[in-house]
Trainee: 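Okay, here's the structure, questions in a sec.
This one's a predicted model, so the numbers in the text were calculated from it and none came from an experiment. Only this structure's heavy atoms are used, side chains among them; waters, hydrogens and symmetry mates stay out. We count ligands from 1, going down the list as the structure has it; atoms in each ligand are counted the same way.
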Amino acid sequence: MSDQATLILDGVNHELPIITGVEGERAIDIRDLRERTGHITLDPGYGNTGSCLSDITFIDGENGILRYRGIPIEQFATSPNFVEVAWLLIFGQLPTAAQYTSFADDLTRFANLDEGMKHHFEGFPRAAPPMAILSAMINALSCFHPDLHELDDEDQFRMAAARLISKIRTIAAYAYRHSVGKPYNYPDPRLRYVPNFLHMMFSQPFDQYVCDETVRDALNLVLILHADHEQNCSTSTVRMVGSSRANLFASCAAGVCALWGPLHGGANVAVLDMLEQIHKGNITPDEYVSMAKSKDSKVRLMGFGHRVYKNFDPRAQMLRTVTERLLERLGKPDPLLDIARRLEEIALRDPYFVDRKLYPNVDFYSGIIMRAIGIPADMFTVLFAIGRLPGWIAHWWEQSQEQGGKIARPRQIYTGNLQTDYVPLADRG
Ligand code: SDX
């Protein structure tokens, strides 16, 4: 295969280098296109545009492959450990026993919030969207760690990463407890990452929540499967904000806002709304699928389709297995799972979905798992953010280490008014 592309513009040949990734992905390098030809490219939604070179995650959308630092996600299912995967994504290799123990101990040590931050929660309405609180409080967190705005070396970066990954749980749990008018639960230093989060969410005074092993493993795997996904909307947002040299906290707070959208991380809440609508009998699965196919309805089959996966999202397949195992272990059959299975069965036989290569994505089953654990629907996307945080941090750091990194600044094609003159108010009629 050639390592150059020829662009012919106004009879002039321009040779453009082709870059090939380790898995054979090929890109035409256009970084000096405008300088050489006076032209830019146009790609709304960036579906055909690479923004960077990255070593973190590999996706093969045609074959349903997802690997973190080269490790297929399926291999994390045996004894899922989110903290270990967070280290892998951020630092590039699986932690040694000493590194893992030290990192896990840091996450335990950093779990508390400054007492001053607790009062911020009281300022939010009880019904405040948890994603609004999460984004605001991640930014507020940076006010208590001014020493971590500028990260001069990897040790300082590791402290900032550990603080964020640890405290995002506490912020999420406090947002939930505030929304239901219950007292905050301080983190319990005897508990590891997921059990400590569920303790902060669900323990009551004099009645500590005890985390069932199956629940612990299920939630570890849910967080792992959400941990990174290369240049998705929220991760690209974190890179965009980080490219201005904004600090790690501000960049991740921006990622939370991007993730909130119903076309992105907000889809897991929309999936549950869809399943509950069908469960209440307002509409049958077949009727819902028909509505989702109609352009007039503005309705989509939430949890289906993906910009990159044009085959099964491997995460959806793993989450379906986790859902079935968890519901069986808890003895909590959920009619919504049957409805989800029915929707999947109908859609995967329907040419509308098959022709457009629309398959279940990561959001299709995740909500049923979180509902079985007792997590309220308005917290589903917050859980997605807890899972995705290590990926955001890994990409922010990878970009910050690039030599000569530039601020991200896309171009445009102007389609507005040609030059015109100002008209004083008195003359405007
Ligand atoms: C995530 O990027 C990532 O990696 C994201 C993510 C991650 O880990 O970060 O994987 C997480 O965001 C998963 C996606 C969650 N969103 C949803 O489940 C919302 C429902 N899905 C869609 O809105 C849609 O599939 C997207 C947004 C996910 C992908 O959109 P695309 O690839 O831009 O596809 P498109 O909007 O151009 O649609 C192509 C065609 C259109 O029909 P035609 O105009 O060709 O007739 O497919 C149709 C669309 O109408 N279509 C759907 C559909 N998704 C696409 N029709 C009905 N139901 C759907 N879900």
Trainee: If the contact criterion is a heavy-atom separation under 4.0 Å, does Val308 count as touching ligand 1?
Mentor: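 No.
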Trainee: Return the set of residues passing side-chain contact (heavy atoms from CB on, under 4.5 Å) with His39 (not counting sequence neighbours), or none when no residue passes.
Mentor: Leu9, Thr37
Trainee: Decide, yes or no, whether a salt bridge links Asp286 with Arg342 under the criterion of side-chain N to carboxylate O below 4.0 Å.
Mentor: yes
Trainee: Minimum distance, heavy atoms only, to atom 24 (C) of ligand 1: which one of Lys295, Arg315, Glu230, Arg300 is it?
Mentor: Arg300
Trainee: Answer yes if a protein heavy atom lies under 4.0 Å from atom 28 (C) of ligand 1, otherwise answer no.
Mentor: yes
Trainee: Answer yes or no for atom 51 (N) of ligand 1: protein heavy atom present at a distance under 4.0 Å?
Mentor: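 Answer yes: something from the protein, a heavy atom, is under 4.0 Å.
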Trainee: For Tyr309 and ligand 1, answer yes if some heavy atom of the residue is under 4.0 Å from a ligand atom, otherwise no.
Mentor: no
Trainee: Tell me: protein heavy atom nearest atom 20 (C) of ligand 1, and distance?
Mentor: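 It is Phe304 O, 3.4 Å.
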Trainee: Enumerate the atoms of ligand 1 whose separation from the nearest heavy atom of Ala267 is less than 4.0 angstrom.
Mentor: 15 (C), 16 (N), 17 (C), 18 (O)
Trainee: Would a distance-only check, ignoring hydrogens and angles, find a side-chain to backbone donor-acceptor pair under 3.5 Å from Gln93 to Phe91?
Mentor: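 Flag set: sc Gln93 to bb Phe91 pair under 3.5 Å.
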Trainee: Is His226 near ligand 1, meaning one of its heavy atoms is under 4.0 Å from it?
Mentor: no
Trainee: Give me the atom names and distance for the closest heavy-atom approach of Pro187 to Tyr174.
Mentor: CD-OH, 4.2 Å
